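What you are looking at is a predicted structure, and each value in this text was computed from that prediction instead of being measured. Note that these values count all heavy atoms, side chains included, but never hydrogens, waters or copies made by symmetry. Lettering follows sequence order; numbering is per chain, from 1.
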Amino acid sequence: MRKEWVTGYLLILPAAVVLAAFTHVPIVRTVHDSLFSRASAIRPSRFVGTGNFETLASDPVFWKVLGNNLAFALGTVPVSIALALVMALLVNRKIRGQGTLRLAYFLPTMLPMIAAANLWLFFYTPDIGLLDQILGAFGVSGTNWLGDPDTVMPCLIAMTVWKEAGFFMIFYLAALQTQPPELWEAAHLEGASRWVYFRRVLFPMLMPTTMFVLINAVLNAFKLVDHLFIMTKGGPNNASNLLLYYIFENAFAFNDMPAAAALTTVLLALLALLAVSQFLFLDKRVHYR
Amino acid sequence: MSTLRLEGVEKHFGGVRVLERLDIAVESGEFLVLLGPSGCGKTTALRIISGLEEASGGRVLIDGRDVTRAAPSARGVSMVFQSYALFPHLSVAENIVFGLKVRRVARAERDRRLKRVAEMVGLADLLDRKPAQLSGGQRQRIALARAAAAEHPLCLMDEPLSNLDAKLRQEMRAEIRALQQSLGMTVVYVTHDQVEAMSMADRVVLLRDGRVEQSGPPAELYARPETTFVAQFIGVPPMNLVALADGPRGAVISGCAPGAAVLDGPGEGVLMGLRPEHVSLSETGIPARIEAVDYHGADTVVSTRIGDQRLQIRIAGHFVAPKDGEVRLAWPFEAVHLFEAESGRRADLPPKPAKGNPQCSVV
């Protein structure tokens, strides 16, 4: 009996080792590295304390990228969740071609991001792209969608929503199928319309799913960068640059590892803050069965 | 004027006929039970009344208004579901007044009704709880309170007690009946449990394969079943149906000696119905062989064989079978029901006692 805790630790050891090796140790290393200066051939790395963060704070590109990322999150998260819910409600009903419709909604999620980005690159191409060809019929042409700092973010947001909504739809669809049909019947008998039922019963019942999807969507808004490699490389003039891509640039294009480490630390802190606040503020409002 | 009338209501799903020309009328304040085995169409009938299912033919009238094609919410019915259909994220109070809020009943009126029904079903102290924190019986009460708070002319209940344990079911039977009486509710109650039907109903409609087999007060269905189906559905254990045969001195129980007449007249093609509780042990009765003894506490159900027929009897208290396994059975002549074996319908001719002392030897 006294050796029970030994068995317990032995059982979680394999998972703990893998997690530590690939998650916890790198995090600690990164935070550690962010406190040291960049090493060069003539000057070795030395401890600079918050120096790297001060440099970051005075870097206008950093603030630009951070702002971009917040705009990207605000643009993609609510819209993709709302769209996912609407699509799930649509394909949850008994309609002809239900299976095909579900597949069609889910298809963007199955495409690799690189393929999707190439597809949308074609949509956005000036003059010969799909968007310009359609707009050309109305006399608008030659818009450089991805080349204009004003339009590049909305374009990326639209593509990301298209890509993510189908994925979140699957979660809503699964949740909808566990809803007992008597609840609608009971509400319907009491005089509730579809909308009242949705607002007063269905949506609150879906809150655990919404919570899960919301956390995933927010994390994704900070994690997705694949499309930037294909479509914009963060340009023009950093107008579409996002935190993760900026980290990549610092580390491998500018070869400034301490700056990249400092940026990573900021990103980690930001994500931790978001996760904690979501659990603290939203969890109380969620009804779990 | 009846609160509810079904006129020739039919329902088929695809090619399968579920209800066949159903005619039912329910008076105001009446407690009507739709009784039947599973698959007899009773729940479908209830759903057609509620509007959750549409009738394939016939008419549904509530308070004289034709609602056959009306939306469920426009019919003025409330419903208690088998699964209770409570909203798990809402408190008990919010569950009860859900419909009142949706229908924009004024706040003062809402509070008044909530207070009244919550006290009636004994939930007054639990109004802030969530359904998940309550027991099955309490959840059942929420569903009842919600139906009562609606104050609709008609309340439908779909096997509301089937998820409760036996003891609670017994309590709730009495409570539902009391609630219905004190509020003067008109109730259509669906169940497959004949005990619920017998103890609660003003009138029972027994359905079989989508048709009304017999309809009437519980005592009438018990005392004068029109068919063998009704005879065997009402009563625990079910009524014995004993095949009779012709004999020189009158009808004999099939498989018995030809002289041992139990009734006057021919016996071929006739079934004799006898309730187990009407048969008793008697020194001068017909000999029977005991096959099984089933002790229930208050009484004992004994399965016996007379001739080639089985007969279950109910004996008060703890019955210990004699060593030789032989008993003698007797029953008052008035307890005998007669049915035509072929059609299963009640025979028109009243039974006449056999002349002389009925004797039957076990083959």
Side-chain angles (χ1 to χ4, degrees), chain A residues 81-82 84-85 88-89 92-98 171-215 278-289, chain B residues 43 46-47 49-53 62 67 70-91 94-105 110 129-133 139 142-152 154-160 163:
Chain A
I81 291 179
L85 185 51
L89 288 169
N92 191 39
R93 291 189 294 179
K94 283 201 182 81
I95 44 171
R96 198 183 288 266
Q98 184 197 49
F171 295 104
Y172 275 121
L173 194 56
L176 282 174
Q177 290 183 347
T178 65
Q179 301 296 321
E182 301 90 57
L183 287 189
W184 157 244
E185 292 178 347
H188 190 36
L189 267 170
E190 294 276 10
S193 62
R194 282 266 171 205
W195 168 244
V196 169
Y197 170 70
F198 174 78
R199 197 168 50 83
R200 296 279 323 271
V201 180
L202 192 55
F203 188 66
M205 302 263 296
L206 291 175
M207 269 316 266
T209 309
T210 305
M211 179 78 186
F212 174 78
V213 167
L214 182 66
I215 290 172
Q278 278 182 337
F279 275 118
L280 282 184
F281 296 117
L282 289 175
D283 225 26
K284 286 184 196 133
R285 298 163 175 271
V286 176
H287 169 82
Y288 290 100
R289 261 181 288 180
Chain B
T43 296
L46 197 76
R47 290 174 64 83
I49 299 170
S50 71
L52 294 172
E53 207 84 64
I62 293 175
V67 295
S73 54
R75 298 185 176 206
V77 297
S78 49
M79 188 154 169
V80 177
F81 290 81
Q82 185 172 7
S83 62
Y84 317 145
L86 301 175
F87 306 118
H89 61 295
L90 297 179
S91 70
E94 286 168 322
N95 261 292
I96 295 174
V97 300
F98 179 86
L100 304 181
K101 265 189 176 166
V102 168
R103 292 194 296 277
R104 303 225 157 76
V105 173
R110 226 159 59 201
R129 302 272 192 92
K130 294 276 170 67
Q133 296 168 292
R139 282 182 221 178
I142 306 174
L144 283 174
R146 183 169 68 186
E151 295 186 2
H152 282 316
L154 185 60
C155 181
L156 310 174
M157 301 191 186
D158 184 10
E159 309 217 16
N163 290 346

Chemist: Report which part of R47(B) has an atom under 4.5 Å of a heavy atom belonging to chain A: side chain, backbone, both, or neither.
Modeler: side chain
Chemist: For V201(A), is it the side chain, the backbone, both, or neither that has a heavy atom closer than 4.5 Å to a heavy atom of chain B?
Modeler: both
Chemist: So, R103(B) side chain and E190(A) main chain: donor-acceptor pair closer than 3.5 Å or not?
Modeler: yes
Chemist: Any idea which of R146(B), R75(B), H152(B) has the most non-hydrogen atom pairs under 4.5 angstrom with chain A?
Modeler: R146(B)
Chemist: Looking only at heavy atoms, which two atoms of P88(B) and L183(A) are closest? And how far apart?
Modeler: CD-CD1, 4.2 Å
Chemist: Atom CZ in F87(B), atom OH in Y197(A): separation rounded to 0.5 Å?
Modeler: 7.5 Å
Chemist: Where the side chain of H89(B) meets the backbone of R200(A), is there a donor-acceptor pair that is under 3.5 Å apart?
Modeler: yes
Chemist: Are E185(A) and M79(B) close enough that some pair of their side-chain heavy atoms sits under 4.5 Å apart?
Modeler: no
Chemist: Using a 4.5 Å cut-off on heavy atoms from C-beta on, say whether the side chain of L189(A) contacts that of S73(B).
Modeler: no
